[in-house]
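Counting starts at 1 for both ligands and their atoms, in listed order.
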Amino acid sequence: MSTQRKPALTFLGAAGTVTGSKFLLETDERRLLVDCGLYQGERQWRRRNWDAPPVEPSSIDAVVLTHAHLDHCGYLPALVREGFSGPVHVTAATAELAAIILRDSAHLQEEDAENARRFGWSKHAAPRPLYTSADAERAIGLLQPCLPARVLELDGMTLSFLHAGHILGSCSLHLRGDDWSLLFSGDLGRPAHPILRDRERPLAARTVVIESTYGDRAHPDVDPDHTVMADAIRRTVRRGGSVVIPAFAVDRTEVVLLALAELVARDAIPDVPVWVDSPMALATLAVYRDQAHADEVDAHALDALASMRQLRAAHSAEESMRLNNPGRPCIIVSASGMATGGRVVHHLRHLLPQARNTVLLTGYQAVGTRGRDLVEGVREVKIAGRYVPVRAEVVQLEDFSVHADADELVGWLGELPEPPQTVHVVHGEPEASRALADRIRRELDCAVSVPRYLERVLLD
Ligand SMILES: [Zn+2]
């Protein structure tokens with residue numbers, strides 16, 4: 001008779017919100033943390049980043065990351081500082097991108113703490129960063145790229161990475177033991193990505209954990225000609241303004257640049273300078289172009305990017321500042337994507353007060369971010385302790401999502417070789433998660449839950 005207990009799964013993040021992904025899998029042999037994300041967005045969630053870790057970090061044997069986005073890997077330096085020292089299993093591209101993202105995150109944390117100290121924004125006398133660059137370097141040192149086969153044998157379980165088509169290196173994770181199986185969707189891309197290879201079919205699993213960022217929405221039909229974007233850029237240039245596009249440095253920048261390259265090639269927009277103003281985006285672009293990941297990207301898309309004559313790189317802070325008084329219209333693609341930090345914030349501070357300029361928002365804007373406020377039409381945004389009037393045009397572009405919508409999420413579940421027994425819906429605002437759960441319950445014959453923070457379930 002087996003004395004083995006059933007594995008347990010605990011939801012340590014992305015429960016009730018879209019950020020902070022962390023899931024603890026405990027078997028008799030080991031404790032594995034799937035994703036180690038930072039909470040972003042509203043303060044009530046961000047404060048959780050500062051709480052003591054809900055599980056003793058030194059008791060975790062290993063971490064596995066689905067992809068390099070901050071809300072999936074950004075807590076890693078804090079976990080390492082608090083005592084985690086095991087391997088972090090990732091794909092080769094995720095290892096490179098996570099290094100870029102964690103260094104940037106630590107830098108921003110340090111900068112925020114320093115600014116808070118200098119300008120007295122903080123309630124604390126000596127504000128500390130959540131983690132330092134040294135913590136990030138230690139975390140980066142633990143990243144362990146898996147073999148090209150993307151299958152790992154850990155004690156008592158087999159772990160497979162399946163391309164998810166969300167950003168370069170992104171994967172769904174399939175875990176299997178003797179008498180249990182578990183599939184994490186990770187963040188799922190749309191069925192076709194403009195630059196990445198299509199996502200892989202999921203493997204059969206009795207328990208599935210699925211994201212629900214767009215669980216209650218259908219993306220509008222893709223606008224292959226990017227007409228909304230083209231119209232907004234033409235209008236702005238005609239009135240002598242500049243266009244600022246807050247874009248996630250990783251993947252979104254590549255996808256936006258590809259769209260701009262296509263518009264210029266078709267003469268659909270004037271051939272004005274296009275500045276990539278984010279050291280992180282420039283570093284990421286180099287990873288996308290690296291031959292080492294050629295099997296994951298579309299060569300034609302990269303050629304189109306390479307052919308952009310007006311593409312400029314703003315490396316230094318001085319170059320970045322100069323773009324606020326460009327002399328003639330230009331397009332600035334800058335991070336962060338939800339305008340919560342990074343260089344795009346100073347561009348917004350300078351460009352928002354003038355009606356001739358335009359802010360083009362691309363994709364999902366989480367509640368509590370400046371991006372979301374702009375989408376919702378606020379008249380002022382708070383930047384660096386001051387309110388800035390919003391007179392510039394604000395346009396939300398719907399065709400840049402790298403998240404599957406409700407139909408596509410349910411479609412992905414339908415691709416499972418056999419229906420799962422249980423589906424846990426995570427990584428969504430509560431309404432989105434509930435809507436997706438209802439729909440899965442109706443369309444698939446399985447048990448569905450929307451787990452609460454710290455809820456623990458047993459696996460079959
Ligand atoms: Zn993601």
Side-chain angles (χ1 to χ4, degrees), residues 13-15 17-23 33-41 45 63-76 88 90-91 93-102 104-105 161-173 183-191 193-197 199-200 209-215 217 219 246-256 280-281 284 287-288 293 296-297 335-338 340-342 361-367 369 371-372 400-405 408-409 412 425-429 432-433 436:
T17 182
V18 275
T19 64
S21 277
K22 286 179 212 78
F23 310 102
L33 187 67
V34 173
D35 279 343
C36 189
L38 203 64
Y39 282 105
Q40 298 169 281
W45 295 108
V63 174
V64 194
L65 300 181
T66 58
H67 65 294
H69 271 151
L70 203 58
D71 59 323
H72 294 258
C73 78
Y75 187 73
L76 205 53
V88 180
V90 287
T91 60
T94 295
E96 288 188 47
L97 294 178
I100 293 170
I101 285 177
L102 292 178
D104 180 76
S105 174
F161 293 83
L162 308 164
H163 286 304
H166 168 64
I167 64 170
L168 186 67
S170 68
C171 281
S172 299
L173 294 174
L183 175 67
F184 289 90
S185 69
D187 285 3
L188 281 178
R190 308 202 62 188
H193 184 289
I195 297 178
L196 302 179
R197 61 176 276 179
R199 54 175 162 77
E200 289 175 279
V209 178
I210 189 170
E211 67 125 325
S212 57
T213 314
Y214 283 103
R217 267 165 290 177
H219 291 315
F248 295 109
V250 178
D251 195 80
R252 185 63 52 79
T253 296
E254 283 71 21
V255 174
V256 165
M280 184 161 64
T284 300
V287 178
Y288 269 70
H293 313 303
E296 278 193 62
V297 293
S336 71
M338 301 190 208
T340 48
L361 292 154
T362 57
Y364 189 79
Q365 305 292 322
V367 172
T369 62
R372 178 69 157 250
F400 284 94
S401 179
V402 287
H403 277 280
D405 68 8
E408 292 159 354
L409 289 167
W412 179 83
V425 180
V426 299
H427 199 286
E429 305 289 355
S433 297
L436 185 68

How long is the span from the [atom1] atom in [X] to the [atom2] atom in [Y], to the nearest 0.5 Å?
| X | Y | atom1 | atom2 | value |
| --- | --- | --- | --- | --- |
| D187 | I167 | CG | CD1 | 8.5 Å |
| Y288 | E296 | OH | CD | 8.5 Å |
| D405 | T213 | CG | OG1 | 11.0 Å |

Practice prompt. With the side chain counted from C-beta on, respond yes when T253 and T284 share a heavy-atom pair under 4.5 Å apart, and no when they do not.
Written response: no

Worksheet item: Who pairs with H219 by side-chain hydrogen bond (donor to acceptor under 3.5 Å, both in side chains), at least two apart in sequence or on another chain?
Response: S401

Worksheet item: Mind checking whether H403 and H166 have parallel, tilted or perpendicular rings, split at 30° and 60°?
Response: tilted

Worksheet item: Which protein N, O or S atoms does the Zn ion (ligand 1) have within a distance shorter than 2.8 Å?
Response: H67 NE2, H69 ND1, H166 NE2, D187 OD2

